[in-house]
Every structure is written in structure tokens, then in C-alpha cells.
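Residue indices begin at 1 and follow the sequence shown.
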Amino acid sequence: MKDLFDLTGKIALVTGASRGIGESIARLLASRGAHVIVSSRKIDACQAVADSINADGGKASAFACHVGEIDQIEAIFAHIKSEFGQIDILVNNAAANPYYGHILDTDLAAFDKTVEVNIRGYFFMSTAAGKMMREQGGGVILNTASVNGLVAGDKQGIYSITKAAVISMTKAFAKECGPLNIRVNALLPGLTDTKFASALTTNDKVLKMALHAIPLGRVAHPDEMAGTVLYLVSDASSYTTGATVVVDGGMLA
């Protein structure tokens with residue numbers, strides 16, 4: 001029987017992959033046979049993850065890219081086209097959340113930064129990958145959104161707004177790219193133990209309230225998000241597109 005989770009021969013780009021959820025995704029996809037391009041803003045951190053994957057017997061390379069910068073998006077896809085000639089999987093995972101506080105006090109810099117990365121970055125990463133996928137006959141795009149895109153997080157206003165936009169973006173791309181054999185889905189993580197979420201996980205009062213609302217009674221480990229991504233980018237989900245999969249320990253239940 002065919003292994004539906006086999007990614008041998010696939011080229012996968014994972015953004016925000018130098019740590020946290022992105023790193024876990026990169027490691028799992030590589031373990032299933034994909035050549036993973038590990039990307040984030042800092043090349044040294046990316047290279048360390050790529051080297052570790054290679055040392056474990058996987059295939060990985062590193063390329064720095066700030067997804068908020070259009071010229072850097074163009075550069076990474078020019079590199080992929082030149083080096084590999086294909087892109088089978090794009091995981092839009094890099095994100096920004098520079099402001100934690102009351103929505104009325106959101107300043108322009110925080111607003112612009114969050115929108116630049118979480119909306120504009122995801123959009124133009126997806127169009128760049130999608131154009132290559134259209135030429136080669138198909139591919140898969142996976143967006144890391146958030147449960148905050150469904151229920152706004154307290155003191156996380158602009159971040160929640162951008163993640164709601166990612167959910168809408170996922171559906172829009174899925175509708176128009178389905179006829180091109182390009183599937184587009186989204187992962188909606190709940191509270192996960194990452195540096196990105198440290199404003200929540202290191203605040204005892206906030207953490208206690210959050211855990212009270214999570215039926216499983218604990219924060220997720222980044223590895224617990226990667227399995228859902230593997231499903232969504234593999235042939236196991238070949239008839240799934242436009243889906244938004246919540247992985248939150250039951251919080252929204």
C-alpha cells in the first residue's frame with residue numbers, strides 16, 4: 001500500500017523555521033523525505049537547524065528571508081527556481097506580534113509591522129509559490145493562522161485581525177487555485193510553548209486563565225502542531241483544500 005505521508009522528492013519551503021512550530025514542521029517534513037528549505041530572517045539560526053536535519057539523515061538547506069520585504073521574497077524564489085527547479089510545498093509560518101496591550105493603544109509602527117508580515121508577507125509568498133506551482137502542474141500551500149483568527153485574543157487585537165485575514169486568504173487562494181491542482185489549507189494553533197507566545201506563557205495570571213479554558217489542561221508543544229501540517233501537505237489530504245484545522249486542546253470546543 002502506498003505511504004500517503006511519503007514526501008520523497010518534494011521540495012518544501014518553511015518560513016519562520018529557525019525555532020518553535022516552524023522548526024518542528026521542518027524537521028518532520030524532512031523525516032518524511034522532503035528536501036526542506038529552512039528560512040527565517042537570520043541565516044545563522046536557519047543554518048543551525050538545516051545542519052541538524054542533515055546530521056539526522058534528512059535533507060535541508062538554509063536561506064534567509066524576511067517575508068515582510070518583497071525583494072527578499074523575490075530572492076528566495078529565484079534561488080529555489082535556480083537551485084531546485086520546483087517548489088512542491090510552501091508553509092507560511094513566519095509571523096509578527098510586536099504589540100501586547102489594549103487595542104486602543106496600538107501604534108502605527110506595531111500595526112504596520114503586523115500587517116506587513118502576517119498579511120502582505122503571506123499573500124506574496126503564496127503568489128510567488130503559486131506561480132511556480134501553476135507552471136509545474138500543482139503543489140500545496142499551508143498557512144499557519146491561529147485560533148485568534150476565530151476568537152480574538154485579549155490584548156492581541158491587531159494580531160488577531162491579521163490571523164482572521166489569513167483564514168480568509170486561505171479560502172480565497174483555495175477557491176481560485178483548486179483548478180490549478182494547488183491545494184491551500186490552514187493550521188490554527190492554540191496556545192503553544194514557543195518564544196513567540198512567551199508574553200502569555202510566562203505570565204502566571206494569564207497562563208492560569210488560559211489553562212482553565214483548555215480541556216486538555218496544558219499548553220501544546222510545537223511538535224504537536226507538525227503532525228497536522230504533515231497531513232495537510234501530503235497525499236493523505238489529497239481531497240482537502242480551503243480547510244482550517246483547529247489544534248487547540250479543545251479550547252474552542
Strictly distance-based, threshold 3.5 Å: is any side-chain N or O of [X] a donor or acceptor partner for the main-chain N or O of [Y]?
X: D56; Y: G58; value: no
X: D193; Y: V219; value: no
X: N185; Y: A243; value: yes
X: Q72; Y: H66; value: yes
X: D235; Y: F5; value: no
X: T127; Y: F124; value: yes
X: T241; Y: V184; value: yes
X: T194; Y: G20; value: no
X: Y122; Y: A94; value: yes

Straight-line distance of [X] [atom1] to [Y] [atom2], nearest 0.5 Å:
X: D71; Y: I76; atom1: CG; atom2: CD1; result: 12.0 Å
X: I11; Y: S61; atom1: CD1; atom2: OG; result: 8.0 Å
X: Q136; Y: K131; atom1: CD; atom2: NZ; result: 14.5 Å
X: D248; Y: L188; atom1: CG; atom2: CG; result: 8.5 Å
X: N97; Y: S160; atom1: CG; atom2: OG; result: 8.0 Å
X: L230; Y: L28; atom1: CG; atom2: CG; result: 5.0 Å

Check: [X]/[Y] side-chain N/O donor and acceptor closer than 3.5 Å:
X: R19; Y: S40; result: no
X: T192; Y: H221; result: no
X: N92; Y: S126; result: yes
X: T170; Y: N143; result: yes
X: Q86; Y: D88; result: yes
X: D223; Y: S24; result: yes

Looking at E224 and R218, does any basic side-chain N land under 4.0 Å from a carboxylate oxygen? yes
Determine, stepwise, if the pair I37 / I80 fulfils side chain to side chain contact (heavy atoms under 4.5 Å, CB included). CA-CA 9 Å; I37 302 157; I80 291 169; 3.6 Å; yes
Passes side chain to side chain contact (heavy atoms under 4.5 Å, CB included), M125 versus L90? Steps please. CA-CA 8 Å; M125 288 289 291; L90 167 65; 3.9 Å; yes
Can you get from [X] to [Y] by hopping between Ile, Leu, Val, Met, Phe, Trp and Tyr side chains that sit under 4.5 Å apart?
X: I21; Y: I167; value: no
X: I141; Y: L187; value: no
X: L13; Y: I25; value: no
X: V246; Y: V151; value: yes
X: V247; Y: I214; value: no

Mind listing the closest non-hydrogen atom pair of [X] and [Y] along with its distance?
X: C46; Y: S18; result: N-CB, 4.2 Å
X: L191; Y: A210; result: CD2-CB, 3.8 Å
X: S39; Y: F63; result: OG-O, 2.9 Å
X: A220; Y: M225; result: CB-CE, 3.6 Å
X: I73; Y: G121; result: CD1-O, 4.1 Å
X: T144; Y: K163; result: O-NZ, 2.9 Å

Any side-chain heavy atom of [X] within less than 4.5 Å of one from [Y]?
X: Y159; Y: P98; result: no
X: K59; Y: V36; result: no
X: V140; Y: I182; result: no

Assess the residue pair S234 and R32 against the criterion (side chain to side chain contact (heavy atoms under 4.5 Å, CB included)); give the C-alpha distance rounded to whole Å, side-chain angles, the decisive distance to 0.1 Å, and a yes or no. CA-CA 10 Å; S234 71; R32 299 304 300 161; over 6 Å; no
Quick one: salt bridge (charged side-chain N to carboxylate O under 4.0 Å, His left out) partners of K81, sequence neighbours excluded? E135
Which of parallel (below 30°), tilted (30 to 60°) and perpendicular (above 60°) describes F84 and H79? perpendicular
Taking the six-membered ring for Trp, is the centroid-to-centroid distance between F123 and F173 below 6.0 Å? yes
How would you list all residue pairs meeting salt bridge (Lys or Arg N to Asp or Glu O under 4.0 Å) that involve residues 89-118, not counting sequence neighbours? E116-R120
If you count every heavy atom of other residues, nucleotides or ligands that lies below 6.0 Å from E176 atom CD, does the total exceed 12? no
Working note: T240 + R183, criterion side-chain hydrogen bond (donor to acceptor under 3.5 Å, both in side chains); need CA distance, chi angles, decisive distance, verdict. CA-CA 7 Å; T240 302; R183 297 190 297 108; 5.4 Å; no
Test side chain to side chain contact (heavy atoms under 4.5 Å, CB included) on V233 and V229 and set out the steps. CA-CA 6 Å; V233 303; V229 174; 4.2 Å; yes
